[in-house]
Number of protein chains: 2
Amino acid sequence: MFGHVKIRAMSPTREAALVARWREVLSCYSDLSCALDRDLQERHGIGMSDFEVLDLLMSADGGKVRMQELGERVYLSQSALSRSVARLEKQGLVTRAMCDQDRRALFVQCTGEGRALHTEACPTHRALLERRLGG
Amino acid sequence: MFGHVKIRAMSPTREAALVARWREVLSCYSDLSCALDRDLQERHGIGMSDFEVLDLLMSADGGKVRMQELGERVYLSQSALSRSVARLEKQGLVTRAMCDQDRRALFVQCTGEGRALHTEACPTHRALLERRLGG
DNA sequence: CGACATTTGATGCACGCGCATGTAAGGTCT
DNA sequence: AGACCTTACATGCGCGTGCATCAAATGTCG
């Protein structure tokens with residue numbers, strides 16, 4: 001009964017508004033993600049998604065965060081997150097630790113280097129946000 | 001004098017607001033682009049970006065649009081647009097025609113099939129926008 | 001006209017992504 | 001305990017992307 005989507009006609013005005021809004025999101029995302037990726041990579045050697053993960057880890061103050069919880073907070077798919085954390089670990093920015101209670105689960109935690117890079121890269125990140133979302 | 005970006009301190013409140021706004025754009029884009037890609041591909045055999053190009057071609061009513069103009073209106077990079085149009089042509093949805101005045105330039109135009117597929121796929125596209133941007 | 005710069009679209013390349021699937025560890029029945 | 005399902009993370013694969021670069025056409029200036 002409710003398992004399908006009824007596709008009904010839409011007022012042309014409403015449709016145009018939706019499309020316009022979507023295109024705005026689209027170009028906002030594209031411009032910003034592109035700029036973030038380039039600047040963060042050039043200046044700090046880290047990609048946008050990896051920084052976003054690091055940022056989440058830092059905002060969850062303290063330390064260990066379960067992968068699954070991270071997955072709920074980040075926009076990435078499970079596989080993308082897995083690879084992102086693997087990259088971060090390879091760079092020495094986070095550590096992965098087994099959970100003793102549930103040996104399937106994984107705790108992720110910033111290292112000192114991770115915290116340092118976050119502190120260093122944050123202004124770059126925030127300045128770009130300010131620039132493109134500031135209005 | 002104005003060629004560099006001054007990175008100055010930002011109020012924590014303002015910073016948090018910017019980051020929150022950015023994360024909203026991020027998750028909005030991710031969810032929607034992912035859903036659009038999957039549904040459009042499954043139901044109509046076309047990717048999100050390719051549909052977006054087709055959509056632009058249709059809204060520019062009439063016909064021939066120069067690649068460069070298309071590039072200004074779409075969120076894609078020049079190379080991505082080039083490949084998108086190549087895919088669309090291979091599927092018979094658009095035609096590419098040389099410009100006689102400037103033989104570097106290219107005109108793109110929907111075919112009948114392209115118009116048909118657009119008409120068919122539009123409800124799918126609009127319904128997803130409604131769902132996720134409707135509020 | 002001739003040399004050089006610019007513009008337009010195409011392409012090689014490396015990379016990150018999502019999907020499907022794999023592996024291992026719980027969990028839940030009887 | 002044993003059979004079966006579910007959960008959590010990793011990985012093979014194909015694909016689309018941006019960047020850098022290329023080829024061709026055009027523009028510019030002496």
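Atom CG in A/Asp37 sits about 13 Å away from atom P in C/dC15, given to the nearest Å. Here the P atom of nucleotide C/dG9 and the CG atom of B/Leu76 are 14 Å apart, to the nearest Å. Rounded to a whole Å, the CD atom of A/Gln41 is 16 Å from the P atom of C/dA14. To the nearest angstrom, P of C/dG16 lies 13 Å from CG of A/Leu40. The distance between atom CG of A/Asp100 and atom P of C/dG26, rounded to the nearest whole Å, is 10 Å. What separates CD of B/Gln78 from P of C/dA10 is a distance of 7 Å, to the nearest Å. A straight line from CZ of A/Phe51 to C1' of C/dG16 spans 18 Å, rounded to a whole angstrom. B/Glu69 places its CD atom 18 Å from the P atom of C/dT7, with the value rounded to the nearest Å.
With B/Ser82 contributing its side chain and B/Gln78 its backbone, the two residues share no donor-acceptor pair below 3.5 Å.
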Checking side-chain contact (heavy atoms from CB on, under 4.5 Å) for the pair B/Tyr75/B/Glu52: CA distance, chi angles, key distance, verdict? CA-CA 9 Å; B/Tyr75 66 100; B/Glu52 215 70 37; 3.9 Å; yes
Show your working on salt bridge (Lys or Arg N to Asp or Glu O under 4.0 Å) between B/Arg14 and A/Glu130 and close with a plain yes or no. CA-CA 9 Å; B/Arg14 172 150 186 76; A/Glu130 171 78 49; 2.9 Å; yes
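Position along DNA chain D of the nearest nucleotide to A/Arg104 versus B/Ser77 favours A/Arg104 as the more 5'-ward residue.
Close to C/dA10, at under 4.0 Å from its OP1 or OP2, lies a side-chain N or O of B/Ser82. A sub-4.0 Å separation between OP1 or OP2 of C/dA10 and a side-chain N or O of B/Arg96 is present. Not one side-chain nitrogen or oxygen of B/Arg38 sits closer than 4.0 Å to the OP1 or OP2 atom of C/dG18.
The base of C/dC19 sits with one of its N or O atoms less than 3.5 Å from a complementary donor or acceptor on the side chain of A/Ser79.
Remark: B/Arg104 pairs with B/Asp102 by the side chain to side chain contact (heavy atoms under 4.5 Å, CB included) rule, at least two apart or across chains.
Nucleic acid contact for B/Ser49: sugar-phosphate only, since backbone atoms but no base atoms lie under 4.0 Å from a heavy atom of the residue. Looking at heavy-atom distances under 4.0 Å, A/Gln101 makes contact with sugar-phosphate atoms alone, never a base. B/Asp102 comes within 4.0 angstrom of the backbone, heavy atoms only, and of no base. When heavy atoms are screened at a 4.0 angstrom cut-off, B/Leu81 is found touching no nucleic acid atom at all.
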Contacts under 3.5 angstrom, residues 17-26 of chain B side chains, donor-acceptor by atom type, not counting sequence neighbours:
from	atom 1	to	atom 2	distance (Å)
B/Arg21	NH1	A/Leu133	O	2.9
B/Arg23	NH2	A/Asp55	OD2	3.3

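From the 5' end on, the contacts that DNA chain D makes with chain A at under 4.0 Å to a non-hydrogen atom open and close at D/dT7 to D/dC19.
In this structure, B/Cys110 and B/Met58 approach most closely via the heavy-atom pair SG-SD, 3.7 Å.
Heavy-atom neighbours of B/Arg73 CZ from other residues, nucleotides or ligands within 6.0 Å: at or below the threshold of 12.
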